[in-house]
Visitor: 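Below are the structure tokens for one structure; questions will follow.
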Amino acid sequence: MFEAIAFYLFAFLTIAMFYITVTTSQALYALSALAAGMIFISAFFFILGADFLGAVQIIVYSGAVMALYAFGMMFFDTTRDVKEKQGNKAIIIGLSSLAALLVVVIVSAPIVGNNVEAFYPMVEGAGNTQEVGMVLFTKYLVPFEVAAVMLLVAMIAGIVLAGKKMDLSLTLMSDSELMNMKEEDKKVNV
Amino acid sequence: MEIGLNHYLVLSTILFAIGLVGVMRRKNLLMLFFATEILLNAVNISFAAISHYYGDLTGQMFAFFVIAIAASEVAVGLGLLIVWHKKHNNIDLDNMSSMRG
Amino acid sequence: MELFLYTALFSPLVGSLFAALFGASPKIKIAGIVPSALLGVSLFSSTMLLILVFTTDITLHVEMMTWIATGDLYIPFGFVVDQVSVVMMMVVTLVSTVVHVYAIGYMENDKGFNRFFSWLSAFVFSMMVLVMSDNFAGLFIGWEGVGLCSWGLIGFWYKKESATWAANEAFIMNRIADLAMLIGIFLVYWNTGTLQYYAAFTAMPSLDSAILVWMGIFLFIGAMGKSAQFPLHTWLADAMEGPTPVSALIHAATMVTAGVYLVVRASPLYDLIPSVGLFIASLGAFVALFAASMALVNRDMKRVIAYSTLSQLGYMFAAAGLGAYWVALFHLMAHAFFKALLFLGAGNVMHAMHDELDPFKMGGLNKVMKGTFVMMTVASVALAGIFPLAGFFSKDLILEVAFVENHYIIYSVLLFTAGLTAFYSFRLVALIFHGEERYKLFGIHPHEAHKFMLVAMSPLLLLAVIAGSFKMTYFEMVTKVLPELEYHIHHPITFWIMTIGTQLFVAGAILYAYKKYTSREIKVPDGTSKMENSFGYKLLINQYYIPYFYEEYLVKAYRELSDVLWTKVDQKVVDGTVDGIANILYNTGDTTRVMQSGNLSTMLKWMVAGTVALLSLAVVFGLAARYSGEIKIFLSGLGV
């Protein structure tokens, strides 16, 4: 009973948050709604008994990714409304709901899943974190390492891409210096 | 009232559809990124749910790696976005059409 | 002994490949000498095999390798040397060696010298495969090989349009006949289950006679094409566009006799169906007369000899059709010698006269070309069948066969043709070598051919004289595999009357030809004389209007049909379909190009649309799989 209440509550909250994310014209609203939605999603993970995944969700998404977005947004002018030329709304909504409908049809069809065999079954008595650790560092060790390398590469790439001219302090520059820099940038980039 | 696997799958589908709407509707690249995050999270829910209902940890592993990929995607994507913004002073999708066939 | 077999078979191939190495380079003498030497080797090996077969009666049978083995079909590359094939091998290698050596001199000023020897040796190889194969499939390979080489050699001077036309004509006519031959081979395989001669012929007597008749007819149509029998005869005269050594080797001595060889080879089959045999004999007799009549008036030296070849082939078929296979083979051999000699002599004359072919423009050449004169006269005497030269024995034998078998119509036709043969042969000799020296009018200074060419021809001269005396030994040898039928006219008086009568008739024809064509009144015909305007002359000089008929009613009709098919079917339907497909692709590309606007948002929309399409497919297929039973019932109700 408690599970059902929690599910419907969080389902409603998540859908609402994400709806705000895709519809609002304020970047800051969108960001905040997204972060809230992420946290609500971690609630599902806890309900499903995937405690470790829930924790990772909060730390990585709501912590790291959102922080990254927040810092990224500082580069852009986020205070003004995001002006977007809107296309045909009917197509967008139609396509999305059609896709959703089809997936629902597919998942609500009787799934031939009764004979699915668990490759890495849950271990009785062990906590979720322990289980995850056991599987992650045995069967999924190589993908785990690859993921680590990928993250490293992504980090370096992010620094290299975004970090040009980081040695210049824009806040300490005078306006004329800023203008000059912009002109030069334009010349270089044309 | 028992919550079954299908409940989670339908929820995941709805979230995914919302993500799709965002992907198609958004012209601002940053907002587009938000929408893709929604897509990834929608899928993660179904992974975790399937993992739970079949008693198999593989689903959680997948969700785990999806999160890792999402994180690196954000890092690289934001970097590119900043470079683009420096260059063109906007991040509007309609201005990017160098791939015109 | 297998070594000799392989040497005899493959040394021409080696020679051909050797000459082909120089195919694109300018004339080099070694490209002619090496193939000739290798043919000498082949001749030597054949001789050794002949001695072996003759002295020990061994039949060599080797299987070089498996060619096709699938299911019940088993065809090896097998070769057999028995009494029949060894005779053919001797004829082929001997004549081709002579022709090769001769051609070194004849072609010495030709740009395509190397190419010529490559083709010529390739021809000999194909011919050896044809005669040595122990099954119908191998025979067919050789059969097509000689056809191809014949095409290449007739059209050797490919810059001359008439040469290429003649080459194509020969090739196409042979293809028509080869189709029938192929059907015949299929019939053999279908009904006997094998293509090996021995096994197939053993199985034949138990077959239905109607099937045997069809087999015999189809195989004979193949033989008709290769041996240029009526109505597929027109290509042989046109094939004289090729170099003269080619005419001597291919279109007189060897390839055109392949049809006779096939009938002889298939003698167990034709023995079972005497009605087809009678048809072959009648056709042979008809062609003998028909071709001889065209030779009477023709004004092209080589064509006259070609018609005479045609006529002699008719003799051979007449003999073979009457069941006297060994007689046919004997005439084939004798004919190969003197006809090749005649052609090579004609080649000398042509060289001397700077490629002039009209004998009316020659005359009196015996003073400058003694050697050639002697050779051509002897060859003509042999062709006419005067005792004791080769032609007498073989041709007289055919007449006897017809007489003994009580086919008096065939006999009289052949006898009359013998007179015509003598007449036109000596018409040619008289016009070329005797009488006024008309060539002086045209400012030509004739000269005798190279000494070594005459020496090369001498073996043929010798054989043309003495080949007849081998008759009995030959008879003993080949009748080991062929039906042993002796033809004797039992009443000695009848025999003598016939023999002497025939001789007198032929001699009279020769004398008449001499008298008519050595006279001083002979001029170069200019189309005004009374004879030239007579109906008979026109009929003959136009080859009974058969080429005209083919051109007018077959070729033109075919061309018009092709035109219609081209403009209507090919351009509208076939091209239309292909172009339509291309246009659909182009238009699809042009219209879908709009999708590639470069706008990421649009692309994402398309991506989602694609996802939706795939999902719907998944649903449809899922439903179809779920309800497959019901769908099947529904479809069967619709009658699908």
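A note on names: the letters A, B, ... follow the listed sequences, proteins ahead of strands, and every chain is numbered from 1.
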Visitor: Can you confirm whether W151(C) is buried at CH2, in the sense that more than 12 heavy atoms of other residues, nucleotides or ligands lie under 6.0 Å from that atom?
Guide: no
Visitor: Would you please go through residues 33-45 of chain B and name the residues with a non-hydrogen atom below 4.5 Å from one of chain C, in numerical order?
Guide: none
Visitor: For residues R26(B) and S601(C), report the shortest heavy-atom separation together with the two atoms involved.
Guide: O-OG, 4.1 Å
Visitor: Tell me whether the count of non-hydrogen atoms from other residues, nucleotides or ligands lying under 6.0 Å of CZ in R175(C) goes above 12.
Guide: yes
Visitor: Does W606(C), at its CH2 atom, have more than 12 non-hydrogen atoms belonging to other residues, nucleotides or ligands within less than 6.0 Å?
Guide: no
Visitor: Check the pair L604(C), L32(B) against side chain to side chain contact (heavy atoms under 4.5 Å, CB included), reporting the backbone distance first and the verdict last.
Guide: CA-CA 11 Å; L604(C) 283 168; L32(B) 201 69; 4.1 Å; yes
Visitor: More than 12 foreign heavy atoms under 6.0 Å from NZ of K160(C): is that the case here?
Guide: yes
Visitor: Give a yes or no on this: more than 12 heavy atoms of other residues, nucleotides or ligands lie within 6.0 Å of atom CZ of F140(C).
Guide: yes
Visitor: Excluding sequence neighbours, so at least two apart, what forms side-chain contact (heavy atoms from CB on, under 4.5 Å) with A624(C)?
Guide: I631(C)
Visitor: So with a 6.0 Å cut-off around CD of E630(C), is the heavy-atom count from everything else above 12?
Guide: yes
